[in-house]
Undergrad: 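Handing you a structure now.
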Amino acid sequence: MSTDERISPSTESELHHRNVGSEQNTNVSPSLRPVPANVASPVTEDDDMEPLPSQPSGANMISEESVIQTFMQYFDRLLIGLDPRWRNWIIRGIFSWVMILGFAKLVSMGPLVVSLVVLLIQIKCFQEIINIGYIVYKSHNLPWFRTLSWYFLFTSNYWLYGESLIHHFGFMMNKNNFLQPLVTYHRMIAFLLYTSGFVGFVLSLKKTYYLKQFTLFGYTHITLMILVTSSHQMIQNICEGMIWFLFPVSLIICNDIMAYMFGFFYGRTPLTKLSPKKTWEGFIGGGVSTLLFGFILAGILSRYQFLVCPLEYDDEHSRLATSCIPSPLFQKTVYSMPKPFSLFKRSLELYPFQLHSLVLSLFASSIGPFGGFFASGFKRAFRIKDFAATIPGHGGFVDRFDCQIIMALFTNVYISTFARVASPTKLLQQVLALTPENREEFLRLLRNHIK
């Protein structure tokens, strides 16, 4: 056949097979051979690959029958006479109070229980986000991808949470013959675990699904980066003292509720196209309410030692320490009032943490909502209303905790920049973990420094 002749569709497949056979007998790479402009390109193996959907839609996500759906049907029948807007307001309000009371109960059970709940919420959020990818891209038949996604979640948590445990309880773990190797070789074990998953992914690649598999590989890792990192930082905040977890979470809850209330009753001006129901009235009203609420709440929480004391292990009593000498941040300080306020009151007694609370409240009310806008954009991209239907009137766990992600990260950065002080207990544990020779060298250096 002349190279100037056009290739008919009927002979295209035959030509492809001949080309493949001839390429096996030559050293010239097919990609380097010139192809005349008027010749149709032969079919390659890559043409068999299934493309990603041009308009991904999660509208057909399967809703699982559950007790929650039964509750929703019951409430709909009970409130059938009301306007749908008010019906949603009542359902949302009831379950908001249920979540607030449940949250208060968890806080009263101590930092370890709260840390475990944070981990469980992280897993649930991961499931909601990953399921969207599975359903939208119809990837149920991709080999091992569901298993590998959860495997990467496990390895990420093993690495980050292991680092936290070693940092806070390494001295105690080194005393245990079983745990000591896990402490010593933690990072190597974590790296080998991840590498095993990486190798497994490469081996699972399927010719016609390369693009889908690599897209979902990136989708999984972005999800891990956002969820695992933020939940790990949240638990780090808990270790600095329960107040660093309770206070930021309460700010986001307050801002969310008050923005909804102001928007519901006074909202007229749309705030962003990503979330049409959000209004400037709700945004401003929620912001002012959060600043006032945060200042008052900070003064109340600073009084309680079990909230302000960092999470430390008491080696003498073989248990977690429940009391401490509060840091200066949580001790009342007298401040001179600037002019012209000094005309009314010369001084004011406050906890320094109350001043820090203004910065945290400002971030929660101004930047925190952008976590929700990000989630709204994500849902619009995949054409879904909510991430799930787990919480009546609210959607899924991601719908409720989207703003908490960025708030937890900011709080951790704020602590390390402005609030963290050296802990004598942790320093002692690090010294005791040294070898006898290094311990003696440390004491010698310490005596010389003190002299």
Side-chain angles (χ1 to χ4, degrees), residues 49-50 52-53 56 58 61-62 64 112 115-167 169 173 178-236 375 378 382 384 387-388 390 396-398 401-402 404-405 408-409:
M49 290 173 56
E50 183 178 347
L52 291 173
M61 290 178 65
I62 301 173
E64 297 180 0
L112 295 182
S115 299
L116 179 61
V117 171
V118 169
L119 179 61
L120 294 176
I121 291 174
Q122 174 224 97
I123 293 172
K124 178 59 180 174
C125 289
F126 181 81
Q127 179 198 30
E128 291 179 358
I129 296 177
I130 290 299
N131 280 347
I132 294 173
Y134 289 143
I135 295 168
V136 169
Y137 292 118
K138 301 176 182 178
S139 57
H140 295 283
N141 295 325
L142 293 183
W144 295 103
F145 203 88
R146 186 182 296 270
T147 303
L148 286 172
S149 295
W150 287 99
Y151 178 81
F152 283 126
L153 177 67
F154 166 75
T155 56
S156 301
N157 279 321
Y158 176 82
W159 173 48
L160 288 175
Y161 287 100
E163 292 284 323
S164 294
L165 287 172
I166 292 170
H167 177 72
F169 307 110
M173 296 171 71
F178 173 75
L179 296 176
Q180 187 176 9
L182 296 178
V183 174
T184 305
Y185 306 110
H186 169 72
R187 292 189 178 182
M188 180 56 70
I189 294 172
F191 176 77
L192 292 176
L193 285 173
Y194 179 83
T195 304
S196 300
F198 177 78
V199 172
F201 168 74
V202 174
L203 294 177
S204 72
L205 289 173
K206 194 174 179 180
K207 183 181 68 174
T208 56
Y209 293 102
Y210 288 157
L211 185 56
K212 271 190 178 181
Q213 288 182 284
F214 276 102
T215 299
L216 288 174
F217 182 80
Y219 182 88
T220 299
H221 278 69
I222 291 175
T223 304
L224 290 172
M225 181 184 70
I226 294 174
L227 292 181
V228 178
T229 302
S230 60
S231 63
H232 172 253
Q233 300 300 330
M234 196 173 287
I235 291 180
Q236 289 279 56
F378 183 92
F382 287 94
I384 56 175
F387 284 91
T390 311
F397 276 80
V398 179
F401 293 94
D402 46 13
Q404 298 288 359
I405 291 173
L409 295 172

Undergrad: Please find the pair of heavy atoms, one from Ser230 and one from Ala408, that lie closest to each other, and give the distance.
TA: O-CB, 4.0 Å

Undergrad: Got a donor-acceptor contact below 3.5 angstrom from the Gln213 side chain to the Ser204 backbone?
TA: yes

Undergrad: Only pairs at least two apart or in different chains count here, so list each side chain to side chain donor-acceptor pair (under 3.5 Å) that has a residue in residues 186-196.
TA: Glu163-Arg187, Tyr194-His221

Undergrad: Can you confirm if the aromatic rings of Trp159 and Phe191 lie within a centre distance of less than 6.0 Å?
TA: no

Undergrad: Of all the heavy-atom pairs spanning Val228 and Ser156, show the shortest one and how long it is.
TA: CG1-CB, 4.0 Å

Undergrad: Work out which heavy atom in Ser149 is nearest to a heavy atom in Phe126; give both atom names and the distance.
TA: O-CZ, 3.5 Å

Undergrad: Between atom CD of Gln122 and atom CD1 of Ile405, what is the distance when rounded to the nearest 0.5 Å?
TA: 10.0 Å

Undergrad: Please tell me if the side chains of Phe217 and Leu148 come closer than 4.5 Å, counting only heavy atoms from C-beta onward.
TA: no

Undergrad: Drop me the distance from Leu182's CG to Tyr158's OH, to the nearest 0.5 angstrom.
TA: 5.0 Å

Undergrad: For residues Thr390 and Lys124, report the shortest heavy-atom separation together with the two atoms involved.
TA: OG1-CE, 3.7 Å

Undergrad: Search all heavy atoms of Ile129 against all heavy atoms of Tyr219 and return the closest pair with its distance.
TA: O-OH, 2.6 Å

Undergrad: At what distance, to the nearest 0.5 angstrom, does CZ of Phe201 lie from CH2 of Trp144?
TA: 15.0 Å

Undergrad: Roughly how far, to the nearest 0.5 Å, is the CG atom of Leu227 from the CZ atom of Phe397?
TA: 13.0 Å

Undergrad: With side chain to side chain contact (heavy atoms under 4.5 Å, CB included) as the test, would you mind laying out the steps for Ser231 and Tyr161 before giving the verdict?
TA: CA-CA 10 Å; Ser231 63; Tyr161 287 100; 3.1 Å; yes

Undergrad: Can you name the closest pair of heavy atoms from Glu128 and Gly396 and give their distance?
TA: OE2-CA, 3.5 Å

Undergrad: I want to check something: taking the side chain as every heavy atom from C-beta on, are Asn131 and Phe387 in contact at a cut-off of under 4.5 Å?
TA: no

Undergrad: Working to the nearest 0.5 angstrom, can you tell me the gap between Leu116 CG and Ile235 CD1?
TA: 8.5 Å

Undergrad: For the CD1 atom of Ile123 and the CG atom of Asn157, what is their distance to the nearest 0.5 Å?
TA: 6.5 Å

Undergrad: Going through the distances and angles, do Phe378 and Val398 end up as a side chain to side chain contact (heavy atoms under 4.5 Å, CB included)?
TA: CA-CA 11 Å; Phe378 183 92; Val398 179; over 6 Å; no

Undergrad: Output yes when a side-chain donor or acceptor of Thr229 lies under 3.5 Å from a complementary backbone atom of Ile226, and no otherwise.
TA: no

